[in-house]
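One structure below.
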Amino acid sequence: MTTDLRGDLIRSVEQQHMFSSAGIEHGRRPEHWRCKCGLGFEGAGAIERGRRHVASEILAALDEAVA
């Protein structure tokens with residue numbers, strides 16, 4: 001286990017909020033991204049919105065840890 005608490009916190013949040021499914025547009029199926037927390041995005045830019053969701057969760061956890 002590392003002594004870097006920020007690193008541990010980031011890895012923990014990433015595990016909680018990593019994608020459970022994702023895919024590019026294919027036929028009638030639009031681009032999609034679904035998080036382990038249940039949040040999902042569909043349509044153009046869905047994967048990027050999902051990545052921003054994870055980044056936002058990490059920043060919120062770091063802010064909370066500092067407070």
Quiz item: Which distance, rounded to the nearest 0.5 Å, do you find between the CG of L62 and the CG of L5?
Solution: 11.0 Å
Quiz item: Can you name the closest pair of heavy atoms from P30 and G43 and give their distance?
Solution: CB-N, 4.0 Å
Practice problem: Would you check if the side chain of E57 reaches a backbone N or O of V13 as a donor-acceptor pair within less than 3.5 Å? | Solution: no
Quiz item: How are the rings of W33 and H53 set relative to one another: parallel (under 30°), tilted (30 to 60°) or perpendicular (over 60°)?
Solution: perpendicular
Self-check item: NZ-CD distance between K36 and E14, expressed to the nearest 0.5 angstrom
Solution: 11.0 Å
Practice problem: Step by step, work out the side-chain contact (heavy atoms from CB on, under 4.5 Å) result for R34 and L39. | Solution: CA-CA 6 Å; R34 181 147 318 273; L39 189 64; over 6 Å; no
Quiz item: With no hydrogens and no angle check, is any side-chain donor or acceptor of E31 less than 3.5 Å from a backbone partner on A44?
Solution: no
Quiz prompt | Under 3.5 Å donor-acceptor, R29 side chain and G23 backbone | solution = no
Quiz item: When rounded to the nearest 0.5 angstrom, what is the spacing between NE2 in H17 and OG in S56?
Solution: 10.5 Å
Quiz item: So how far is it from R6 CZ to R11 CZ, rounded to the nearest 0.5 Å?
Solution: 11.5 Å
Quiz item: Looking only at heavy atoms, what is the nearest atom pair of L9 and A61, with distance?
Solution: CD2-O, 3.5 Å
Quiz prompt | Single-linkage hydrophobic cluster, 4.5 Å side-chain cutoff, V54 and M18 together | solution = no
